[in-house]
Amino acid sequence: MSLDAPITHQVTVEHAGKPVAVTYDAEVVTRMKTVGTTPPPRPSSERCRWKASVTVIRQVHSASGASLNRTLPEVKEISGQRPGTCMAGRKAIMAELDGKIERVREHLRATAEADRPTLLADIDAARTLALN
């Protein structure tokens, strides 16, 4: 499994006696920055600092095909650093992130669990608007 592939968590909640399908998608954005110098007669002090920000997007799917999407406010950050430039260490950094995919899945599950009251309130609000 790789962070290049979509990471999703699906749940079904009951609302007004009907099942509602909900999908939580993780959007991972990685930033890298090379810091330090390489003076000619000395060893390099360059290193790559990286940070991956994980944002969760919730999609509620109705039986009619309509959907209600929301980006959830909590963002999880995973960070690290490696010796050398970011360009030289890019593949190693991506491999390291792929190794942390279970942390992203855990965050997705925990966010979905914590989101349940807000999810039900959003469904109620959407239903109220649709009836008016």
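None of the values given here were measured: they were computed from a predicted structure. When a residue number appears, it is its place in the shown sequence, counting from 1.
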By salt bridge (Lys or Arg N to Asp or Glu O under 4.0 Å), which residues pair with Arg109, not counting sequence neighbours?
-> Glu102
Could you go through the side chain to side chain contact (heavy atoms under 4.5 Å, CB included) check for His107 and Val56 one step at a time?
-> CA-CA 9 Å; His107 172 65; Val56 178; 3.8 Å; yes
By side-chain contact (heavy atoms from CB on, under 4.5 Å), which residues pair with Ala26, not counting sequence neighbours?
-> Ile7, Val54, Val104, Leu108
Pairs satisfying salt bridge (charged side-chain N to carboxylate O under 4.0 Å, His left out), at least one member in residues 23-43, at least two apart | none
Ala114 and Pro117: which non-hydrogen atoms are nearest, and at how many Å?
-> O-CD, 3.5 Å
Answer whether the closest heavy-atom distance between the side chains of His9 and Glu113 falls below 4.5 Å.
-> no
Val60 and Asn69: which non-hydrogen atoms are nearest, and at how many Å?
-> N-OD1, 4.4 Å
May I have all residue pairs that pass salt bridge (charged side-chain N to carboxylate O under 4.0 Å, His left out) and include part of residues 85-96, sequence neighbours excluded?
-> Arg82-Glu96
Distance-minimising heavy-atom pair for Leu119 and Val22 | CD2-CG2, 3.9 Å
Rounded to the nearest 0.5 Å, the OG1 atom of Thr34 sits from the CE atom of Met87 at a distance of 9.0 Å
Return each pair, listed once, that meets salt bridge (charged side-chain N to carboxylate O under 4.0 Å, His left out) where at least one residue sits in residues 13-24; pairs must be two or more places apart or across chains.
-> none
All pairs passing salt bridge (charged side-chain N to carboxylate O under 4.0 Å, His left out) where residues 53-73 contributes a residue, at least two apart = Arg58-Asp115, Arg58-Asp122, Arg70-Asp122
May I have all residue pairs that pass disulfide bond (SG atoms under 2.5 Å apart) and include part of residues 38-71, sequence neighbours excluded?
-> Cys48-Cys86
Who passes side-chain hydrogen bond (donor to acceptor under 3.5 Å, both in side chains) against Thr23, sequence neighbours left out?
-> His61
Contacts of Thr37 meeting side-chain contact (heavy atoms from CB on, under 4.5 Å) (sequence neighbours excluded), chain-then-number -> Pro39, Ser45
Who passes salt bridge (Lys or Arg N to Asp or Glu O under 4.0 Å) against Glu77, sequence neighbours left out?
-> Lys51
Sequence neighbours excluded, which residues qualify as side-chain hydrogen bond (donor to acceptor under 3.5 Å, both in side chains) partners of Glu46?
-> Thr38
Gln81: partners by side-chain hydrogen bond (donor to acceptor under 3.5 Å, both in side chains), with sequence neighbours left out | Arg47
